Amino acid sequence: MRFRFRELHPGDLAFGLVLRLLVLGLLSLIIAIGVMLAQKASPVFTSGVVQFLTSSKWNPIKETFGALPFIWGTLMTSILAMIVSVPLSLSMAIYLSEIASPGFRRFFIFLVEVMASIPSVVYGLWGIFVLIPWIRETFHIEVGVSIFSAGALLAFMIIPTISSLTFEIFQRVPLTIREAALALGATRWQMIRLAVIQSSRSGIFGSFILGFGRAMGETMAVTMVIGNRNKLSLDLFEPGSTLASVIANEYAEAMSSEHLAALAGIGLALLAVALITHTLARVFFLKKEIRT
Amino acid sequence: MNSLINRFMTGFIFTLSLVSLFPLISIIQWVATQGFSGLDWNFFTSLPAPVGEPGGGMGHAILGTLILVGLASFIGIPWGIAVGLFLSEYSDRKLAAWAKSAIDILSSVPSIIIGLFVYSIVVVPMKHFSAHAGGIALAIIMIPMVARGTEEILKMLPNSIREAGLALGLPRWKVILWIVLKGNRGPLSSVILLAIARVSGETAPLLFTSMNSRFWPSSLPDGLNEPMSALPVQIYTYAISPFPDWQKQAWAGALILMVMVTLLNLITKLLITQREVRKSK
């Protein structure tokens, strides 16, 4: 970029410089984060990335580090969360946008905002003492901490994210499209299906992806209810771990440099997952803009 | 037939929406009832009791959160506003495009990764955990939020106001500071308060930066060089502990935290409506 020296006033010159420096600082911050992670994880690269990602044995004492249990845990909890959350969030968005009367709408939107502002430790606390006992009773299992419990908790946590995004997308659908459907004799539900949902499909999908990404990056609440076991298990009702939760659990106590490098490798994987999700969501949101 | 489906679907959607709110109701109910019974004067003023002994409090954690969020705001708010100002007031196309992507990317980085980053950059060279590190980590989380909010607010300001200032002979930087920023204090404050509310609830980035402590912070500025407790971290530590007394305190801490966050959000709403009321007059 070139500074346009249109600013003749020295005060303006200085001010513009300061602002631009801070912006450049922000850019270098992001690059620094990526570089730092890659650097710390370099032993992983030298000893084999594929093996790191596909091995399912994580044993810091024996110094074998396979990240598969955590990849599995992250994927399973997030997919579970989406299965539960999508119908709920979509319904909330539809209700808010199409069905609710103005008073109810304001009230429900307020509630969704409160839900969005609950810190994740509080979700975790509630998960430990309310959700898990309920799951233990309902599904008759001994140990409540599990991938399933984490997925269920995550589902509730991402409801505000998905529903508020989807709500805004619904709001952008032009009135004329809705009226056209109604003029053709559609019932309200048919109008919602045909005019609102159909025309904002890619935007809706984008908000799903963002919700999915949010679920994959969630750390504290997951750590509190997932049991933190580093063994890969196909039984969803057994304890597990996610990429984020294992970092939270082991980083402060990791002693050997190989352990730290492996955890940094997991951090890199988490970062990559977050960035890919984010970019994918952007693609879907942009698609929507072009279409309308 | 269609109208039957219509009525069924309307009811179904309404029911699912209510179900979506159920966790919120449950959380509020539990935090309020469990948390309230754990609150007493001791809670706010004393330190944790030795492990296993009843009593003690979270005074140090509440103070710690205030200090950490204060530190974070000191760095994060000016930086965030500066970036937001750049995006709304200056027209370097390329730099602006990079800046927008940067804000987007930084806001999607999981907060624990930011904690890892600050650990490597600050904690390792200093050779110990510190409030400084915690504050920096929280600041990094604040910057994209404040920048985005600032840009959105200032974009809505009509250009004529800026031109009026320039026409009066003010240099550009004065127009930006005294007119653009000063004139939007209300909405900008709400952006800042929202960022503060969000950051006060963050736990993960503090785990390896300011870690936790069982003591009151030492007097500044030395206190900032030591590990510092924070409310969310303390809640986490107590919640996963096996002691019922600590678990009760975790609920109490959660109550305090939620009251803090909700209060900030409510003040934000008040600021916005106040401004709109003034504008319409």
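Lettering follows sequence order; numbering is per chain, from 1. What you see is a predicted model, and the numbers here were worked out from it, not measured in a lab.
- Ranked by heavy-atom pairs shorter than 4.5 Å toward chain A, the options B/Asn265, B/Leu21, B/Val19 are led by B/Leu21.
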Exercise. Report the C-alpha separation of B/Thr65 and B/Ser200 in whole Å, then their side-chain angles, then the decisive distance to 0.1 Å, and conclude whether the side-chain hydrogen bond (donor to acceptor under 3.5 Å, both in side chains) test is met.
Key: CA-CA 7 Å; B/Thr65 288; B/Ser200 5; over 6 Å; no
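- Interface remark: B/Val83 contributes backbone and side-chain atoms alike to the contact with chain A (heavy atom separation under 4.5 Å).
- Of the listed residues B/Leu85, B/Ile28, B/Leu106, the one with more heavy-atom pairs under 4.5 angstrom with chain A than any other is B/Leu106.
- Only the side chain of B/Phe208 comes within contact range of chain A, with heavy atoms under 4.5 Å apart.
- Side chains of B/Met9 and A/Ile192 form no contact here, defined as non-hydrogen atoms less than 4.5 Å apart.
- When each of B/Ala250, B/Ser107, B/Ser111, B/Pro110 is checked for heavy-atom pairs under 4.5 Å with chain A, B/Pro110 comes out on top.
- Atom CZ of B/Arg198 has 12 or fewer neighbouring heavy atoms from other residues, nucleotides or ligands inside a 6.0 Å radius.
- Looking at B/Ser26, both its backbone and its side chain come within 4.5 Å of chain A, counting heavy atoms on both sides.
- Contacts between B/Ser108 and chain A at a heavy-atom distance below 4.5 Å involve backbone atoms as well as side-chain atoms.
- Interface check for chain B: of the options A/Val122, A/Ile30, A/Ile33, A/Ile159, the most heavy-atom pairs under 4.5 Å are formed by A/Ile33.
- The shortest side-chain heavy-atom distance between B/Ile5 and A/Thr187 does not fall under the 4.5 Å cut-off.
- In terms of heavy-atom pairs under 4.5 angstrom with chain A, the leader among B/Val31, B/Ile176, B/Thr262, B/Ile240 is B/Ile176.
- Atom CD1 in B/Ile27 sits 9.0 Å away from atom CZ in A/Phe156 (nearest 0.5 Å).
- When heavy atoms are compared at a cutoff of 4.5 Å, B/Leu207 approaches chain A solely by way of its side chain, counted from C-beta outward.
- Proximity to chain A is absent for every atom of B/Tyr238, based on heavy atoms less than 4.5 angstrom apart.
- If you measure heavy-atom distances from A/Ser163 to chain B, you find no contacts under 4.5 Å at all.
- Only the side chain of A/Phe110 comes within contact range of chain B, judged by heavy atoms closer than 4.5 Å.
- Interface residue A/Leu275: only side-chain heavy atoms are found under 4.5 Å from chain B.
- A cation-pi geometry, defined here as NZ or CZ lying under 6.0 Å from the six-membered ring centre and within 45° of its normal, does not hold between A/Arg105 and A/Phe167.
- Both the backbone and the side chain of A/Ala32 come within contact range of chain B, judged by heavy atoms closer than 4.5 Å.
- Contact of A/Thr219 with chain B is made through the side chain alone, with heavy-atom distances under 4.5 Å.
- In this structure, the portions of B/Trp98 lying under 4.5 Å from any heavy atom of chain A include both its backbone and its side chain.
- Put simply, of A/Val130, A/Ile128, A/Leu29, the one with the most heavy-atom pairs under 4.5 Å next to chain B is A/Val130.
- Using a 4.0 Å cut-off between charged nitrogen and carboxylate oxygen, B/Arg162 and B/Glu89 count as a salt-bridge pair.
- Looking at B/Ala197, neither its backbone nor its side chain comes within 4.5 Å of chain A, counting heavy atoms on both sides.
- With a 4.5 Å cut-off on side-chain heavy atoms, A/Trp126 and B/Gln29 do not count as touching.
- A heavy-atom distance below 4.5 Å is found between the side chains of B/Leu138 and B/Glu202.
- Of the residues considered (A/Glu113, A/Arg193, A/Met220, A/Met115), A/Met220 shows the highest number of contacts with chain B, using heavy-atom pairs under 4.5 Å.
- Counting only heavy atoms from C-beta outward, the side chains of A/Arg282 and B/Asp104 approach each other to under 4.5 Å.
- Between the CZ atom in A/Arg20 and the CZ atom in A/Phe15 there is a gap of 10.5 Å [rounded to 0.5 Å].
- Of the two parts of B/Leu116, the backbone and the side chain both hold a non-hydrogen atom closer than 4.5 Å to a non-hydrogen atom of chain A.
- Taking 4.5 Å as the limit, some side-chain heavy atom of A/Thr277 sits within range of a side-chain heavy atom of A/Val273.
- If you measure heavy-atom distances from A/Asn249 to chain B, the contacts under 4.5 Å come from the side chain alone.
- For a residue to count as touching a neighbouring chain, one of its non-hydrogen atoms must lie under 4.5 Å from one of that chain's; by this rule B/Leu255 does not touch chain A.
- When heavy atoms are compared at a cutoff of 4.5 Å, B/Asn2 approaches chain A by way of both its backbone and its side chain.
- When each of A/Ile99, A/Ile247, A/Leu131 is scored by its heavy-atom pairs under 4.5 Å with chain B, the top score falls to A/Ile247.
- With contacts defined as side-chain heavy-atom distances shorter than 4.5 Å, the pair B/Ile179/B/Lys174 does not qualify.
- Here the OH-CD1 distance, from A/Tyr251 to B/Ile112, works out to 10.0 Å after rounding to the nearest 0.5 Å.
- Salt-bridge annotation for A/Glu218 and A/Arg214: present, with a side-chain N of the basic residue lying under 4.0 Å from a carboxylate O of the acidic one.
- Heavy-atom pairs under 4.5 Å with chain B were tallied for A/Ser91, A/Ala14, A/Gly124; the largest tally goes to A/Ser91.
- In this structure, the portion of B/Leu177 lying under 4.5 Å from any heavy atom of chain A is its side chain and not its backbone.
- Under a cut-off of 6.0 angstrom, the local environment of CD in A/Gln39 is sparse, with at most 12 non-hydrogen atoms contributed by other residues, nucleotides or ligands.
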